[in-house]
Amino acid sequence: MNCQLSIEKVNYQLDITKEHCPMTFVKTKLKLAQLAKGDRLEVLLTEGEPLENVPRSATEQGFTVLEVKHIDGAVHQVTILKE
């Protein structure tokens, strides 16, 4: 019998829609620090400064931004992979 164990990395979500810069990336970075390598963090944030700064700062810090998508109104979701 050939059994393969598939372990899917857990997704985590962080809602920073009520936060303002620079706390948006500070809270994102603190959450990413708690995750294991290979985990994905979905960050809910608002357009404008948070939407510009969080993906850029995450990339600068060595994380991979997998996706940026519009959710509703001014809310967007940024998916970040911890490598």
Side-chain angles (χ1 to χ4, degrees):
M1 177 190 257
N2 188 2
C3 262
Q4 289 186 339
L5 180 61
S6 176
I7 299 174
E8 187 175 315
K9 289 295 182 177
V10 177
N11 280 322
Y12 295 90
Q13 193 171 71
L14 177 66
D15 184 346
I16 54 171
T17 55
K18 305 271 189 253
E19 301 296 332
H20 301 283
C21 289
M23 289 308 295
T24 52
F25 188 66
V26 170
K27 288 196 173 195
T28 301
K29 188 173 178 183
L30 289 171
K31 185 65 176 179
L32 284 164
Q34 299 172 359
L35 305 185
K37 184 177 180 178
D39 284 343
R40 293 182 292 163
L41 176 64
E42 296 173 348
V43 183
L44 295 176
L45 44 71
T46 56
E47 58 192 21
E49 212 173 354
L51 183 58
E52 294 169 17
N53 290 337
V54 169
R56 184 187 73 236
S57 296
T59 301
E60 289 171 357
Q61 294 285 318
F63 301 103
T64 301
V65 176
L66 299 174
E67 181 180 36
V68 178
K69 69 179 181 181
H70 179 253
I71 300 297
D72 185 45
V75 178
H76 291 73
Q77 177 182 296
V78 177
T79 304
I80 303 170
L81 174 66
K82 181 173 183 177
E83 295 185 288

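Residues take their numbers from the sequence shown, with the count starting at 1. These numbers were taken from a predicted model, which means no experiment stands behind them.
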* Structure fact -> Residues pairing under ring pair (Phe, Tyr, Trp, His ring centres under 6.0 Å) where one sits in residues 34-61, two or more places apart or in two chains, turn out to be none

* Residue list, side chain to side chain contact (heavy atoms under 4.5 Å, CB included) with Q34, at least two apart or on another chain -> K31

* So which pairs with a foot in residues 69-83 pass salt bridge (charged side-chain N to carboxylate O under 4.0 Å, His left out), sequence neighbours left out? -> none

Counting only pairs under 3.5 Å, give me each side-chain donor-acceptor contact of residues 53-60, with atom names and distances, residues two or more places apart or in other chains.
from	atom 1	to	atom 2	distance (Å)
N53	OD1	R56	NH1	3.1
N53	OD1	R56	NH2	3.0
N53	ND2	E49	O	3.4
S57	OG	N53	O	2.9
T59	OG1	P55	O	3.0

* Asked: Under the ring pair (Phe, Tyr, Trp, His ring centres under 6.0 Å) rule, what pairs show up with a residue in residues 18-46, not counting sequence neighbours?
  -> none

* Asked: What distance separates K37 NZ from L81 CG, expressed to the nearest 0.5 Å?
  -> 10.0 Å

* Any link between V65 and V43 through a network of hydrophobic side chains (Ile, Leu, Val, Met, Phe, Trp, Tyr) touching at under 4.5 Å? -> yes

* Asked: After noting the C-alpha distance and the side-chain angles of L51 and V68, does the key distance pass the side chain to side chain contact (heavy atoms under 4.5 Å, CB included) rule?
  -> CA-CA 9 Å; L51 183 58; V68 178; 3.8 Å; yes

* Could you list all the ring pair (Phe, Tyr, Trp, His ring centres under 6.0 Å) pairs where at least one residue sits in residues 50-70, not counting sequence neighbours? => H70-H76

* Pairs in or reaching into residues 12-24: which pass salt bridge (charged side-chain N to carboxylate O under 4.0 Å, His left out), with residues at least two apart or in two chains? -> E19-K27

* To do: Taking all non-hydrogen atoms of both residues into account, name the closest pair between P50 and C21 and its distance.
  => N-SG, 4.0 Å

* Asked: Are L44 and Y12 grouped together when hydrophobic residues (ILVMFWY) are joined by side-chain heavy atoms under 4.5 angstrom apart?
  -> no

* Structure fact -> Residues at least two apart in sequence or cross-chain that pass side chain to side chain contact (heavy atoms under 4.5 Å, CB included) with E42, listed by chain then number, are N11, Q13, Q77, T79

* Atom pair OG1 (T28) and CD1 (I16), whose distance is rounded to the nearest 0.5 Å -> 3.5 Å

* To do: With L14 as reference, evaluate L45, L41, L30 under the side-chain contact (heavy atoms from CB on, under 4.5 Å) test and give the passing residue.
  => L41

